[in-house]
Amino acid sequence: MVRAVDRAERPVRTSVWLEGKAPRGGGARGGQPASLDRDRITEATVRLLDADGLAKFSMRRLAAELNVTAMSVYWYVDTKDDLLELALDAIYGELELPDPAADEDWRDQLRAIASGYRALLVRHPWASPLAGTFLNIGPRSIAFSRTVQRVIRRTGLPTHRLAGAISAVFQFVYGFGTIEGHFTARSAEAGMSPDAYFQQALSALKGAPELDDVLEESTEIMRARGGSTVEEMYERDFGFALDLVIAGIETVVLRGEG
């Protein structure tokens, strides 16, 4: 049993990027498989997380995927958390980030970043809980954050309003992408398309008379919104909601509110 005094003497874990854990070399050293390195381990981790989800991920499953022993994996990373943090940063590399210094409208750049981030969360539903767990200070995550900050600076907002604007845009995108990603994952787990899963859910609601008023109002809103598929509905809602946030930024700038 670990004594309380032992726990107190241990430094609190912060981040794999802050603990001096330089990438370890591969191959012939230490009797490790010649084809194994931290990049390959991270890539396999992302594949398993995409296929099975966060709850089912384990170091043993990863070792089996790589056809090595679990101890071989631990030669390259100290803990499962370290590996999850590496995987999270790796997928940020999928984002196509605009150049804030380019001669482009900041609105277009912001829409591009927001749309890319949403798509990332939908492709990798396991990423959203991890983004709230780790410090997100890996090189790819930092590149994303730096680009966001520089694009938001171009809006004309005063410096003390920039953090709030970033939160307004990207906490919205985070929430939207998380819900959409989880819906897509639940549909796949049920062996159904998102459209079929959505129709099944509506049918279930129709069997609950106490929800008739809510269902009727929701149906009216959805009919007015348009879109014949779940994908179309998500696209329309996301685009309009993002336009509302951008319009809010524009309004604050035009009014000179500081």
Side-chain angles (χ1 to χ4, degrees), residues 14-19 21-23 38-39 42-43 45-46 49-50 82-181 184 234-235 237-254 257-258:
T14 54
S15 169
V16 67
W17 305 103
L18 293 178
E19 296 177 355
K21 298 175 181 178
R38 198 155 83 168
D39 287 343
T42 302
E43 290 170 1
T45 298
V46 171
L49 289 168
D50 286 344
D82 284 353
L83 189 50
L84 292 176
E85 192 174 6
L86 291 169
L88 179 62
D89 188 69
I91 65 170
Y92 277 95
E94 298 174 12
L95 294 169
E96 295 184 8
L97 301 175
D99 179 3
D103 185 20
E104 298 174 354
D105 192 290
W106 65 265
R107 299 162 188 82
D108 294 334
Q109 291 193 331
L110 191 57
R111 287 189 179 95
I113 301 171
S115 297
Y117 186 44
R118 169 201 166 197
L120 184 78
L121 295 171
V122 174
R123 281 197 306 275
H124 308 290
W126 51 269
S128 56
L130 294 184
T133 300
F134 300 120
L135 293 179
N136 303 310
I137 55 171
R140 299 170 185 87
S141 180
I142 288 295
F144 170 68
S145 297
R146 181 177 290 118
T147 300
V148 168
Q149 291 173 7
R150 290 176 177 174
V151 170
I152 291 291
R153 280 185 179 275
R154 297 183 57 215
T155 63
L157 287 168
T159 303
H160 67 284
R161 296 300 189 198
L162 297 179
I166 292 171
S167 294
V169 176
F170 288 95
Q171 288 188 24
F172 148 66
V173 177
Y174 174 85
F176 194 102
T178 295
I179 292 172
E180 183 182 0
T184 303
Y234 273 130
E235 286 296 331
D237 288 349
F238 181 80
F240 182 63
L242 184 57
D243 284 346
L244 288 177
V245 177
I246 291 175
I249 294 174
E250 291 173 329
T251 299
V252 171
V253 172
L254 288 173
E257 297 177 2

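Computed from a prediction, not measured in an experiment: that's the story for all the values here. Note that these values count all heavy atoms, side chains included, but never hydrogens, waters or copies made by symmetry.
Atom OG of residue Ser15 and atom CD1 of residue Ile137 lie 4.0 Å apart, to the nearest 0.5 angstrom. The CZ atom of Arg150 lies 12.0 Å from the CD atom of Gln109; values are rounded to the nearest 0.5 Å. Taking CG of Asp105 as the start and CZ of Arg154 as the end, the distance is 7.0 Å to the nearest 0.5 Å. Once rounded to the nearest 0.5 Å, the distance linking CD of Glu85 with OG1 of Thr45 reads 13.0 Å.
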Acceptor/donor pairs from residues 89-103 side chains to any protein atom, 3.5 angstrom cut, sequence neighbours excluded:
from, atom 1, to, atom 2, distance (Å)
Asp89, OD1, Arg140, N, 3.2
Asp89, OD1, Ser141, N, 2.9
Asp89, OD2, Arg140, N, 3.4
Asp89, OD2, Arg140, NH1, 3.2
Glu94, OE1, Arg123, NE, 3.2
Glu94, OE1, Arg123, NH2, 2.8
Glu94, OE1, His124, NE2, 3.1
Glu94, OE2, His124, NE2, 3.0
Asp99, OD1, Ala101, N, 3.0

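Of all heavy-atom pairs between Ala114 and Phe238, the closest is O-CZ, 3.8 Å. Taking each heavy atom of Arg118 and Phe176 in turn, the nearest pair found is NE-CE2, 3.9 Å. Minimum interatomic distance between Gly181 and Pro125 (heavy atoms only, all atoms of both residues): O-CG, 3.8 Å. Nearest heavy atoms, Leu49 versus Ala87: CD1-CB, 4.2 Å.
Taking the side chain as every heavy atom from C-beta outward, Leu242 and Phe172 approach each other to under 4.5 Å. Looking at heavy atoms from C-beta onward, Phe170 lies in side-chain contact with Ile113 at the 4.5 angstrom threshold. Contact annotation: the side chain of Tyr174 approaches that of Ser128 to within less than 4.5 Å [non-hydrogen atoms, C-beta and beyond]. Considering only heavy atoms from C-beta on, Arg38 comes within 4.5 Å of Leu86 through its side chain. With contacts defined as side-chain heavy-atom distances shorter than 4.5 Å, the pair Ile246/Trp106 qualifies. Trp126 is not listed as a side-chain neighbour of Leu84, based on a closest heavy-atom distance of 4.5 Å or more.
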Please evaluate residues Glu180 and Leu121 with respect to the criterion side-chain contact (heavy atoms from CB on, under 4.5 Å), reporting the C-alpha separation (whole Å), side-chain torsions for both, the decisive distance (0.1 Å), and the verdict. CA-CA 8 Å; Glu180 183 182 0; Leu121 295 171; over 6 Å; no
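Taking the side-chain contact (heavy atoms from CB on, under 4.5 Å) definition, one finds that Thr159 meets it with Arg153, Leu162, sequence neighbours left out. Residues that satisfy the side-chain contact (heavy atoms from CB on, under 4.5 Å) test with Ala165, not counting sequence neighbours, are Ile152, Leu157, Ile249.
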